[in-house]
Amino acid sequence: MAALEIHNVRKEFGNERVLKDVSISIDSGEFLILVGPSGCGKSTLMNAIAGLEPVTSGNIYIDGEDVTWRTPAERDIAMVFQSYALYPSMTVRQNISFGLEMRKVPKAERVAAVERVADLLQIFPLLERKPAQLSGGQRQRVAMGRALAREPKVYLFDEPLSNLDAKLRVDMRTEIKKLHQRLGTTIVYVTHDQVEAMTLADCIAVMRDGHILQLGSPDEVYNNPVDMFVAGFMGSPSMNFIRATLEAAGDGYALRIATPDEDNVLLPWPSERNAAGLVEQLNKPIILGLRPEHFSEEDVRLSEQAEGTLMEAKVSVVEPTGADILLRLPLGEQEITARVGPKCAIAPGERLSLRVDMARAVLFDAETEKRLA
Amino acid sequence: MANVIRRQTPAARLLRAVLYSVLIIAGLFYILPLVVMLMTSIKPLSEISAGTLLSLPQNPTLEPWTKAWGEACTGMRCEGVGGYFWNSFAIVIPAVLISTTVGALNGYALTKWRFKGSELVFALMLFGCFIPFQVVLLPMAQTLGWLGLSSSRAGLILVHVVFGIAFTTLFFRNFYVGIPNELVSAAKLDGAGFFRIFWRILLPVSAPIIVVSVIWQFTQIWNDFLFGVAFSAHNTQPVTVALNNLVNTSTGVREYNVDMAAAMMIAALPTLLVYVLAGKYFVRGLTAGSVKG
């Protein structure tokens, strides 16, 4: 049975429609991530699930029960806030046990719950401190501890890591993942950070303007995006969108990328990936989506099946990141980013022959920005 | 000022000397009336008529104070202002407590439980801060009559509470606006209700604004004369009204020392005391910095 089901939820503030017919269903133990740019409605959706804001229409079910009109307290959920929202006048211990106290849990059980959580998150030495005496990372831990003290049906995380510095964020991300693997809890997690989304989620919902554009596993969302927005949002550096023209080539198709020096680049489209809609796009502009890692140096084999197509371009900027090198190459009207191995010895201004993994490329309609193939 | 970098040129020193002199003169100017009052209140009457305003008391005496407290005539009675002093406390304390409590609840509701039109309600309440007291004297007298509270302490308390709520609501509303709403959301999810959240989450961090509200209300109500003179009977008068009566009762010689002693008692001491005691706590509340998340 679905642990959480959101059914055609709409939310309007006056004339502004913040959520437009959102439906999601996740199973018990699943880790759902709502991701999208700011103002896409993900936090509003989170507040609607929590019961902090009423929805305009639609229903929300937790464990099969309709909770649409229940108060936050009656929904059996716990939430970790972006600002942590620790009660400033209470010690860490009191913060953690407050929810249990409000639910009239006997004192002995409350003490046991605090011990369990403190053990889980290694915050024993902090229990008697006030929130003002804690560092950012410690506060974050305590905020999670407060949610974990009760054992609710659903946990909500509202950008819990966005106030931490970069290194701590990565550490806590791993820790959250471990916790989820260990406790098997149902989690809804809001973030605008696509790396967090990719690394943590069982299921990602990419949102924009109050809609869910795509709902799927991280692999699906990353490799099989439904439109240019999802493709561009997930992955860093973002996917390259290259303006090209679809041409017939033998039995199949090829993509022509116009370059100023008349020396057009022609990339054959793998025949096994032909889609029904492509024929209508013949000789029309089309957007070719290639991720930076779909490029590689000529002498590196991509995989057993795909040899890849060779393409030559001039390098304008070389950005070594340590683990690999990002190259910027002007190609036609745009500049593309390619990710190559750290050993690639290339200087700006030189020409480089790159292998393109067309088997993983995607095509978008230039006007609607929808996925074609 | 050891932590200020400054070149010690003669001109800079001179400027500094001028600065301090101006400040010291201004300070003396402000403290002078109080000093004169205090000195006059401990001089015997003979010294007042013989000496000047600024001459130091030769034979200090507390007699004017005891007289002001227990014997001086206010109108027809000669029982001093002592009884009225307690009257004032009996009016001020409940009025301060009630108006601060209601203001805190208002501020809490207007910021953390917003409802349609809550901004309008707040804007209308702000009007209360700008209504001149005189305007409401007659309607208020009529209302108190209907309520059967004319000339009673309870009536005066009600008047002060009604007037005070506008200010205390403003104080608490502006303070609670700065407290993150997520705290309230978290408490709601934890299962706490309206009053529980107020009592357990907001009130413990409200010390600074409570002190501000108490100091403000105490000073306002203690110093009130208009409502006191309009809505009280001889046995429920606050001390401000009694002082006026004492000063205006003319039988024989004007006893300036008694007047000053009574004025010191009412004008300076209680409000000063509240400020000194609570002001300390005010600073402590601010430095604790407990609100910052």
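In what follows, every chain begins at residue 1, and chains take the letters A, B, ... in the order their sequences are listed. Because only heavy atoms are used, hydrogens play no part in the values below, and waters and symmetry mates are left out as well, while side chains stay in.
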Looking at B:F127, I want to see if its CZ is surrounded by more than 12 non-hydrogen atoms of other residues, nucleotides or ligands under 6.0 Å. no

When rounded to the nearest 0.5 angstrom, what distance separates CG in A:L52 from NZ in B:K188? 6.0 Å

Under 6.0 Å from the CZ atom of A:R116, do we count more than 12 heavy atoms belonging to anything else shown? yes

Considering residues, nucleotides and ligands other than B:L23, do more than 12 of their heavy atoms fall under 6.0 Å from its CG? yes

Chain B contact via A:E101 - side chain, backbone, both or neither, heavy atoms under 4.5 Å: side chain

More than 12 non-hydrogen atoms from neighbouring residues, nucleotides or ligands closer than 6.0 Å to CH2 on B:W199, yes or no? no

Proximal component of B:R200, with respect to chain A [non-hydrogen, under 4.5 Å]: both

Side chain, backbone, both or neither of A:I77 within contact of chain B (heavy atoms, under 4.5 Å): both

Under 4.5 Å between any side-chain heavy atoms of B:L183 and A:Y84, yes or no? no

For the residue pair B:L189 and A:A50, what are the closest heavy atoms and their distance? CD2-O, 3.9 Å

Considering only heavy atoms, which portion of A:R150 lies under 4.5 Å from any heavy atom of chain B: side chain, backbone, both, or neither? side chain

Quick one: does B:D190's side chain get under 4.5 Å of A:R146's, heavy atoms only? yes

Tell me the closest heavy-atom pair linking B:G191 and A:R103, and the distance in Å. N-NH2, 3.7 Å

Backbone of A:F81 reached by a side-chain donor or acceptor of B:E182 within 3.5 Å: no

B:Y275 OH: over 12 foreign heavy atoms closer than 6.0 Å: no

Surrounding CZ of B:F195 (heavy atoms of other residues, nucleotides or ligands, distance under 6.0 Å), is the total greater than 12? no

Are B:V205 and A:Y87 close enough, and set up right, to give a side chain to side chain contact (heavy atoms under 4.5 Å, CB included), and what steps lead you there? CA-CA 9 Å; B:V205 297; A:Y87 310 129; over 6 Å; no

